[in-house]
Each structure stands twice: as structure tokens, then as C-alpha cells.
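Data first, discussion second: the structure below is written as C-alpha cells.
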Amino acid sequence: MTLVALNNMLRGAKEKKFAVGQFNINNLEFTQAIIEAAAEERSPVIFGVSEGALKYMGLEFTVALAKTAADNYAIPVALHLDHGSSFNVVLECIRAGFSSVMFDGSHHPLAENIALTKKIVEVAHIMGVSVEGELGTIGGTEDDLSVTEEDAAFAKPEEAVRFWEETRVDALALAVGTAHGVYKGEPRIRFDIIAEVAGKIEAPIVLHGGSGVPDESIRKAISHGVGKVNVNTENQIASTETIRKILAAKPDLIDPRKYLGPGRDAIKDVVKTKIRLFGSHNQA
Ligand code: 13P
């Protein structure tokens, strides 16, 4: 299939109470592992690309990888910019072939976040591209983005409803207690915020920082209106730990396929498990 917009893919997720996984890609092996896992599970899937990953892989390589994956498998695939920081980077990605973009204006005052996101939604929708917005401040570290626990702030439900009504984003990321990266303790998720906002807006809610969240909390979040869950760190840990073990056991190994391949298999296992947890298997 060709790359599809997020709104096509997420339509029905909220009512049917499943979520589509966004799995971030960092290289060829991540891309292959994620598409193979999704195809075997007959699940729609979203390739997330952070600005850091974009710098690492290059815009053209990124789009080529995602398009090749989508063209070769009969499941819906979206290529989605993760935490786009400016109008320019969002437009560059749309022009290059992304089917979906996130604009993260959450560090701006509400009115400014609304104005900037609205402008992006207008342009993106003309191009058939979906938009995810963000409200509240999600803690943790992703690439160069770092938010301390003290600076993390929950989204306010009344602001979230106003944000959606004025911007009409296709998906809305809310800060509800999850964080990017590895958790020190168990995350305490504000399911009440998810439920209140989900009941008042059409768009599905996005849960960032999906790694390390207990399965029961993920199921509960989805049952309250989360339609997209983002996962990156667990895939990074699985592949790196696998590669580290192989290299430690075989210090003379020099063929990269001999360790990158098993690293890829480890990512595939994580993605398959998450897809089943999110309930998006057999939904393609
Ligand atoms: P984790 O790395 O914590 O899974 O979060 C991923 C994410 O939210 C990407 O936006």
C-alpha cells in the first residue's frame, strides 16, 4: 500500500477501543522489524520519526525506507513526524512525503499553541496529511528534548477541549503522567483526564512514553479513549541489549549482519507484543 494519513488509520480505533502503535524508526533494522511485526499481526502501524532520527538518517533516506516498507506489505502504514518543533520542519516533511505530522507547541502559551497548530492543520489538511497536537508538558528525555519531573505538567481538560475545537487536530497528545525514556518508579496515569477529554472531542488521544508502562495501565488508557500509543525506548533497549550480549560473547565478530540481525529480531518481538496489547492485531 502507499503511505496513509493518520486520520484514516485511527478512524474507528476509539469506538472499537483499540490503539495503533507508533514505533519510532532509527535505521533500516528498526524499519524492517516494525513492518514485519505489523504485517504478521495484520495491524496498521505508524513509523514515528523524531527530528534527531531525521538528522541521523536524512530526510530522503527516511521517506524512501518508509515508502518501500509500505509498498511491500498489504497493511496501512503512516509516516509520522514525532514532536515537530517548527512550521518549517513540518512543511519540509510534508513536502518530502510524510503522511502525518506532529506539531509540538506545548511549550508555548495556550493561545499561541492553538494559533501555530491551527496554521499547520490548515496547510496539512489541504495536502491530505494528518496532524497531531500536544497539550501539557510530557516529562522525560527523547533525543535532545529533556523535561525534568518538576517541569512536567498535566494537560488541563478544559484547555484540551478548547484546543481541539479550535485546531481540529486529528489526534491529541496529552500529558497525563507518562514520560519519554526509562521510568524510575511506576508511572501514575491520570485516567480521569483521558476520560474527560475523550468524551468531549472526536479525535483519539495519544499516549506518549509508552515504554515501561504496565500492561494494565495501557489497557485502561485505551478503554478510556487513547487511540495511539508511542513506543521507542523498549525497542532501543531490546536491540542494544541483544547486540551487547553478542559482542561480549564474541569479541572477534566483525560482520555487522551477525549482530544487527538479532537486534532486529529483538525489536520485532517487542513490537508484536505491543500490537497485541494495544488490540490492533487483525485490524488492518
Ligand atoms: P518511549 O521512548 O518512552 O517509549 O516514548 C516514545 C514516544 O513517546 C515518542 O514520542
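Counting convention: from 1, in listed order, for ligands and their atoms alike. In what follows, residues are counted from 1 in the order of the sequence shown.
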**Request:** Check N230 against ligand 1 and report side chain, backbone, both or neither, counting heavy atoms closer than 4.0 Å.
**Result:** both

**Message:** Give the atom numbers and elements of ligand 1 that come within less than 4.0 Å of a heavy atom of A179.
**Reply:** 3 (O)

**Prompt:** Are any of the side-chain nitrogens in K118 or E166 under 4.0 Å away from the carboxylate oxygens of its partner?
**Reply:** no

**Asked** Under 4.5 Å between any side-chain heavy atoms of F98 and V90, yes or no?
**Response** no

**Heavy-atom nearest neighbour in the protein, as seen from atom 4 (O) of ligand 1, with distance rounded to 0.1 Å** = S211 OG, 2.5 Å

**Request:** Identify which of M102, H180, E132 has a heavy atom lying nearest to atom 7 (C) of ligand 1.
**Result:** H180

**Asked** Looking at E134, H83, Q22, which hits side-chain hydrogen bond (donor to acceptor under 3.5 Å, both in side chains) with H208?
**Response** H83

**Asked** With atoms numbered from 1 as shown, which atoms in ligand 1 lie under 4.0 angstrom from a non-hydrogen atom of V231?
**Response** 4 (O)

**Message:** What I'd like to find out is whether the side chain of M102 reaches to under 4.5 Å of the side chain of V206, using heavy atoms alone.
**Reply:** no

**Prompt:** Quick one: which of V49, D82, N232 has a heavy atom closest to atom 9 (C) of ligand 1?
**Reply:** D82

Only distances under 3.5 Å count here; give the side-chain donor-acceptor pairs of residues 29-36 to other protein atoms, sequence neighbours excluded, each with its distance to 0.1 Å.
{"residue": "T31", "atom": "OG1", "partner": "N27", "partner atom": "O", "Å": "2.8"}
{"residue": "Q32", "atom": "OE1", "partner": "R264", "partner atom": "NH1", "Å": "2.6"}
{"residue": "E36", "atom": "OE1", "partner": "K268", "partner atom": "NZ", "Å": "3.3"}

**Asked** What residue and heavy atom of the protein are closest to atom 8 (O) of ligand 1, and at what distance?
**Response** G209 N, 2.8 Å

**Asked** For ligand 1, which atoms sit closer than 4.0 Å to a heavy atom of G181?
**Response** 1 (P), 2 (O), 3 (O)

**Prompt:** With a 4.0 Å heavy-atom cut-off (strictly under), which part of H83 contacts ligand 1: side chain, backbone, both or neither?
**Reply:** side chain

**Message:** Using a 4.0 Å cutoff against the non-hydrogen atoms of T233, which atoms of ligand 1 qualify?
**Reply:** 1 (P), 2 (O), 3 (O), 4 (O)

**Item:** Any pair counted as side chain to side chain donor-acceptor pair (under 3.5 Å), so long as it reaches residues 52-67, sequence neighbours left out
**Value:** none

**Message:** Testing the 3.5 Å rule here: is there a donor-acceptor pair between the side chains of H180 and N232?
**Reply:** no

**Request:** Can you establish whether the number of heavy atoms outside F87 located under 6.0 Å from its atom CZ is more than 12?
**Result:** yes

**Request:** Taking the six-membered ring of W164 (Phe, Tyr or Trp), confirm whether the NZ or CZ of R168 is under 6.0 Å from its centre and within 45° of its axis.
**Result:** yes

**Complete:** Under 4.0 Å from one or more heavy atoms of H208, ligand 1 contributes atoms 8 (O), 10 (O)

**Message:** Taking a cutoff of less than 4.0 Å between a non-hydrogen atom of the residue and any ligand atom, is G48 in contact with ligand 1?
**Reply:** no

**Request:** Under 4.0 Å, heavy atoms only, figure out whether ligand 1 is touched by the backbone of S50, its side chain, both or neither.
**Result:** neither

